[in-house]
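Note that this is a predicted model, so its numbers are computed, not measured. We name chains A, B, ... by the order of the sequence lines, and we start the count at 1 in each one. Below, all heavy atoms of this structure are taken into account, side chains as well, without hydrogens, waters or symmetry copies.
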Amino acid sequence: MYQNEPLIFEKSSPGRRCFIPPACDVPEKPITNLLPQKMLRKREIKLPEVSEIDVVRHFTRLSQKNFCVDTNFYPLGSCTMKYNPKINEDAARLEGFTKLHPYQPVEQCQGILELLYTLEQMLVTISGMKAFTLQPAAGAHGELTGMMIIRAYLDKQGEKRHKIIIPDSAHGTNPASAALCGYEVESIRSNPAGLIDVNKLKTAFDRNTAALMITNPNTLGLFEKDILEICKIAHDAGGLVYCDGANMNALLGITRPGDMGIDILHLNLHKTFSTPHGGGGPGAGPIGVTEKLKPFLPVPRIETGKKSTTEGVRQDTSVAGQGQKYYFLNYQHPDSIGRVRAFYGHIGIMIRTYTYLLSLGKEGICKVGKFSILNANYLRHKLIKYYDIPYGKTCMHEFVISAKKQRQQGASALDIAKRLLDYGFHAPTIYFPLIVEEALMIEPTETESLETLDAFADAMVQIATDIEQKPESVRNAPKTTPVGRPDEVKAAREPTLKWEH
Amino acid sequence: MDYIPNTEGDKEKMLQEMGVSSLESFLEDIPKTLRDITLKLPDGLSEPQVVKSLKHLSEKNTNTDQCLSFVGAGAYEHFIPSLVDHLSSRSEFYTCYTPYQPEVSQGTLQAIYEFQTLMCELTGMDVANASLYDGSTAFAEAALLSIRLKDKNKVVCSRAIHPEYRHVLRTYVKGLHTEIVEVDAPEGITGIHQLEKSIDSNTAAVLIQNPNFFGCVEDMEIISQIAHRHDALFIACVNPLSLAVLKPPGEYDADIAIGEAQMLGNYLNYGGPYLGFFTVKKDLLRKMPGRIAGETVDHRGRRCFVLTLQAREQHIRREKATSNICTNQALLALRTCIYLCTLGKKGLAELAMLNIQKSHYAYEKLCTLDIVEPAFIQPFFHEFVLKSKDILPIRKINEYLLKKGILGGFELAEFYPDLANSMLLCVTETKTKESIDRLIAALTNL
């Protein structure tokens, strides 16, 4: 439709205006009376000069070049692209939430603090962990926070351990987070079944190992059936177990990481708890911990019942009546790792999550895991005759196929991904996990219907048939998208990262 | 309401097709003992009940439209044009994933590219990334970049940087054997002599906020020269709105310019989600954390955009990546992009000027009062510190104002014991002359 929407800068025309700020209603003074000349900007700012209709058409046209959950099935493995309920958006946009300053006195913020406190408790119940912090801004930020907690805990025990063990099937953020926290990373190879090799783990988990970082179900969509023994190995060696909760959707309402022996867990609210991905964020990565790790959680903690002095936050002690439930921010936790960000977290995302959990309730939450597993197994069943599925006999909420055979026939995982776009389906995650050759990782989520799954399976089968007969038709895909395959080598070799006039 | 389209009937049909008698057979790998759970959670609510419940919670809060707020301190109240909400609420923008499939993500990618261009234009820097979580984590990531690049383990930062940002930096470097030296700002701006004395051959970077936490404008040019003389990077943490008037980091040779861009089209949201931005000089490009969009062409030679230079990132480099960041703040970057285009060249300059005029009007009036006086005499943008003249403690003044429906300044006592009895006031364009006069009148009649 809009094949070539110019950059907004190219639409600029001198003198065009859109929003006009109100006139100044205080006596104006020349700027040089207020600020020294040498502190003022010399170079003019070249922002676009455009009219309101220009801005509206520009961004509306840009939006129309995107695939999104609201228009297309998005079976992106490990990303849990489930439907984002509209009511959640309405809730997060209430003015009593959006127009709240983080430094307002807590008396003026009792509603939001109650929501955050209750949400923490709900996540505790769902996950089986003992306490949650909502502060981490994303999954990777939760991982980093978790690594810091591990270090603080071990320091307190007088232990200096340097190593984190991570399976080779893990997300890239896992080793990156461990390294950012100053840990050495030891990767361990999965066993032939695609699971953690318990014997290898026993050997690797020594007195120098701070923790094992796992994902369960793992990125192959398989439940670590030896999870109880795995946790025991780590605990017996005096270490801890961190669980990347990226794949929590599979477990929702079925089982709880806290009961498995997991010490720290992060949840991706933008995956399991239906908040939108926003084209890459904001998400949120709250972390839950066991009782013994609670003192190390970042400050401030949201607490209720008693009053306390707070850091930089005013309290009007006369306002709250006696005996009334009262929420506040507590900074008095001497063992805390400290702050991991300014203020208190991605509040807008928390409101969406809370709304989602209110809508689902106990019964709804207990259906999520089961129906996501049902959908994944159904798709797996429909594809197994046409594609190699190297691991497992069934799967949890996702599965990984290998296009090894198709590659030999002349089209790669990338080609299949691109061809799916022509069918109106977003591509699965590709070339991940790294342990599967020509990997395509498929996660349908529970919010897709049988008909959608059938249509997707039909497209996949058609593509497999096409590859056998005329692979070039798949190699040349996509043909129907606003642009064809970009020259990524050119983009990296001659980086053009902004518009220059 | 569970948003699950498949019915029990569909489920049976699917199981039958798979030749499976029960869904439980997919759960066999989960030890039985782990499957015996009961969740103590409330029953699901209907949509009207959910709406009522959320409205009730939101109304327990007092929002900034219901009181007259002069609180800033890193989160700023500005008017948000209607276009920003309307356009960013298109679900093609907010329900899509990270643009890893560029053919069907050109909307997001082009908007990120435009955002990068706008941030470079404001800061005067060479390159910008697609965003980081917030100002505080951008601040910490900038310090980490300098430590990696220079292979030195000390950073020098001003005590006039947002206390929470410094706290985050301390949390981030624990365990990395990094020393953070803090330099006082006795007169509202960073003490130059102490700063110079604190820098040595082991210093990776000097970090300064401008306008600083007290609202004062620092002499960035001099500090930049000092940092560079000692072969340290100069990292500027800036308020991007102020750059419509103030000298941008590119004009004083900053190596890295970062900060918080919440004030450009994003709500206060009780502190998040906000928008960290990260810009650098060209030669630091490949050391930069986070995603970057770049221009290229497709196989038919048409201009298009992709995420590029991914060899820096965690999904390729794993433990050797420049940062662990994956999910960022794309939707807020889009909002800021729309906001800046909506204001345009003239609008942004006018808006920044309005902030300066109004804050200076308020400042001058407040300085004539008997109960408060300025804590510092320094040029400022839209925030300034007042201290109580010992007639009444600042806390009492604020409690009195609160009863009048006015949220006074941010009290500095908790962060700066040496500035007990002082408060930081912020006056943006959202305050009319009438509302500023209301503050003055309340304090006059105290």
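- Among B:Gln106, B:Met18, B:Glu313, B:Glu47, the residue with the largest count of heavy-atom pairs under 4.5 Å with chain A is B:Met18.
- Ranked by heavy-atom pairs under 4.5 Å with chain A, the list B:Leu27, B:Val168, B:Asp2 is led by B:Val168.
- By number of non-hydrogen pairs under 4.5 angstrom with chain B, the leading residue of A:Gly348, A:Pro22, A:Gly278, A:Gly361 is A:Gly278.
- Heavy atoms closer than 4.5 Å to chain B are found in the side chain of A:Cys366, but not in its backbone.
- Among A:Met260, A:Arg16, A:Glu363, A:Arg43, the residue with the largest count of heavy-atom pairs under 4.5 Å with chain B is A:Arg43.
- Proximity to chain A (any heavy atom under 4.5 Å) is shown, for B:Asp43, by both the backbone and the side chain.
- Between chain B and the options A:Gly338, A:Gly364, A:Ala179, A:Cys395, heavy-atom pairs under 4.5 Å are most frequent for A:Gly338.
- Put simply, the side chain of B:Gln110 gets close to the backbone of A:Glu5: a donor and an acceptor are under 3.5 Å apart.
- Among B:Val50, B:Thr171, B:Thr98, the residue making the largest number of heavy-atom pairs under 4.5 Å with chain A is B:Thr171.
- Partners of B:Ser105 under the side chain to side chain donor-acceptor pair (under 3.5 Å) rule, at least two apart in sequence or in another chain, do not exist in this structure.
- The residue among B:Lys320, B:Glu350, B:Glu319 with the most heavy atom pairs within less than 4.5 Å of chain A is B:Glu319.
- For the residue pair B:His56 / A:Glu114, no side-chain donor-acceptor distance below 3.5 Å is found, with atom types taken as modelled.
- Between chain B and the residues A:Met148, A:Glu49, A:Lys29, the largest count of heavy-atom pairs under 4.5 Å involves A:Lys29.
- Of the listed residues (A:Pro495, A:Cys109, A:Ala178, A:Gly182), the one with the most heavy-atom contacts under 4.5 Å to chain B is A:Cys109.
- Contact count versus chain A (heavy atoms, under 4.5 Å) is highest, among B:Glu260, B:His162, B:Glu59, for B:His162.
- Residue A:Leu421 touches chain B through its side chain alone, counting heavy-atom pairs closer than 4.5 Å.
- Atom NE2 of A:His426 and atom SG of B:Cys96 lie 8.5 Å apart (nearest 0.5 Å).
- Taking CD1 from A:Ile45 and CG from B:Leu118, the interatomic distance works out to 10.0 Å, rounded to the nearest 0.5 Å.
- Residue A:Leu76 touches chain B through its side chain alone, counting heavy-atom pairs closer than 4.5 Å.
- The candidate from B:Met1, B:Arg90, B:Glu295, B:Glu121 with the greatest count of non-hydrogen atom pairs under 4.5 Å with chain A is B:Glu121.
- Both the backbone and the side chain of B:Thr108 come within contact range of chain A, each with at least one heavy atom under 4.5 Å from a heavy atom of that chain.
- Contact tally against chain B (heavy-atom pairs below 4.5 Å) for A:Tyr74, A:Phe432, A:Tyr83: the top residue is A:Tyr74.
- Checked against side chain to side chain donor-acceptor pair (under 3.5 Å), A:Glu143 has the following partners two or more places apart in sequence or in another chain: A:Thr173, A:Asn174, A:Ser177.
- Both the backbone and the side chain of A:Leu497 come within contact range of chain B, judged by heavy atoms closer than 4.5 Å.
- Of the atoms belonging to A:Pro27, heavy atoms from both backbone and side chain fall under 4.5 Å from chain B.
- For A:Met81, the part sitting under 4.5 Å from any heavy atom of chain B is the side chain, from C-beta outward, and nothing else.
- When only modelled atom types and interatomic distance are considered, B:Thr95 and A:Asn84 share no side-chain donor-acceptor pair under 3.5 Å.
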